[in-house]
Amino acid sequence: MGKMAVIAHGGAGPGPERQENLQKAVDVATELLLAGASAIEAAVEACVVLEDDPVFNAGTGGVFRNDGSVLLDASIQTSDGRIGFVIAMSDTPNPIRVAADLLDENINGLTGLGARKWADNRGHANRPVEGREPIEGDGDTVGVIVRDSSGAMACATSTGGCSHRPPGRVGDVPLPGSGFWVDETRSVAATGEGEDITRALLSYRVSSRVESPQCDSLMDAMRWGLNELIPDGASVGLIALGKDGAGVGLSNTVMPWASWTED
Ligand code: GLY
């Protein structure tokens, strides 16, 4: 069984000064794992740290859509085959908590007003999310992957959506196989131009690539994904974690990422 591990990213695009903020999320996940938490608990709490930090485009720091609204997407998937995702949620500072609450439901995903109504019934925080103007070169998503002491993995992602997009637009983050993919052997999360990531079904195909005879590692698969599946000029990054070993990150632009692996 692999050792416990955490890897997180702060979005394709933001500068290295966000590294310190990202580290806080990895530290929270690490402490929880060391105290016996599950991969799901650690991934969600680390994602909440990033959603609560206004420097990241997720939760509190979600960027305005073209009409000034703040609409948030989040997703979580586990290595035992469960998925939860929410799309275009307003007034929800921590959409990852709502997504996580779907893991044990028959439905996988919820969107818009229905998602908010469902979250109200479950007692999830309902208050305006301040949001902010998009800034040039802004990051677009946060992501955390965790492997716990049982070897189980969970991947949590959250975003305000890429900058300069209309309300109603759906990016890669809530779409299984696009912004995230987890199975019993590995987990992959993407960040960057959601349209390009979705067209490539990037996370699923990078994960599957590891099975190919031409591929010898997760890093090799990520390199293939960025080089062969993503068009020139699109900013995209990936993080990944297997059944053992440390998490790995790769991006064709600046992407702060940080990791921890049990000694
Ligand atoms: N990658 C985040 C988005 O496209 O919304």
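Heavy atoms only: backbone and side chains are in, while hydrogens, waters and symmetry mates are out. Remember, it's 1-based here, ligands and their atoms both numbered in the order they're listed.
By the 3.5 Å distance cut-off applied to N or O atoms, Thr159 is not counted among the residues near ligand 1. Polar contact check, Thr141 against ligand 1: a nitrogen or oxygen pair lies under 3.5 Å apart. At a 3.5 angstrom cut-off on N or O pairs, Ile197 does not count as close to ligand 1. Between Thr191 and ligand 1, no pair of N/O atoms sits closer than 3.5 Å. Annotation: Gly161 places no N or O atom under 3.5 Å from an N or O atom of ligand 1; distance criterion only.
With rounding to the nearest 0.5 Å, the separation of NZ in Lys24 from CG in Asp52 is 11.5 Å. Distance check, rounded to the nearest 0.5 Å: CZ of Arg186 to OG of Ser207 gives 4.5 Å.
Side-chain contact annotation: Thr92 with Arg116, donor-acceptor N/O pair under 3.5 Å present. Ser158 and Glu51 form a side-chain donor-acceptor contact under 3.5 Å, judged by distance and modelled atom types alone. When only modelled atom types and interatomic distance are considered, Asn57 and Asp140 share no side-chain donor-acceptor pair under 3.5 Å.
The Asp172 neighbourhood of ligand 1 comprises atoms 1 (N), 2 (C), 3 (C), 4 (O), with distances under 4.0 Å to a heavy atom of that residue. Per-residue contacts place Cys162 under 4.0 angstrom from the following atoms of ligand 1 (heavy atoms of the residue considered): 3 (C), 4 (O), 5 (O). Of all atoms in ligand 1, numbered sequentially from 1 with element shown, those under 4.0 Å from a heavy atom of Gly192 are 1 (N), 2 (C), 4 (O). Near Gly194, meaning under 4.0 Å from any of its heavy atoms, are these atoms of ligand 1: 4 (O).
The nearest protein atom to atom 5 (O) of ligand 1, hydrogens excluded, is given as Arg169 NH1, 2.7 Å; this is a heavy-atom distance.
In summary, of the residues considered (Val146, Val144, Val26, Ile239), a side-chain contact (heavy atoms from CB on, under 4.5 Å) with Ile7 occurs for Ile239 alone.
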Run the salt bridge (charged side-chain N to carboxylate O under 4.0 Å, His left out) check on Arg165 and Glu193 step by step: do they pass?
CA-CA 11 Å; Arg165 299 297 198 274; Glu193 300 287 342; 3.0 Å; yes
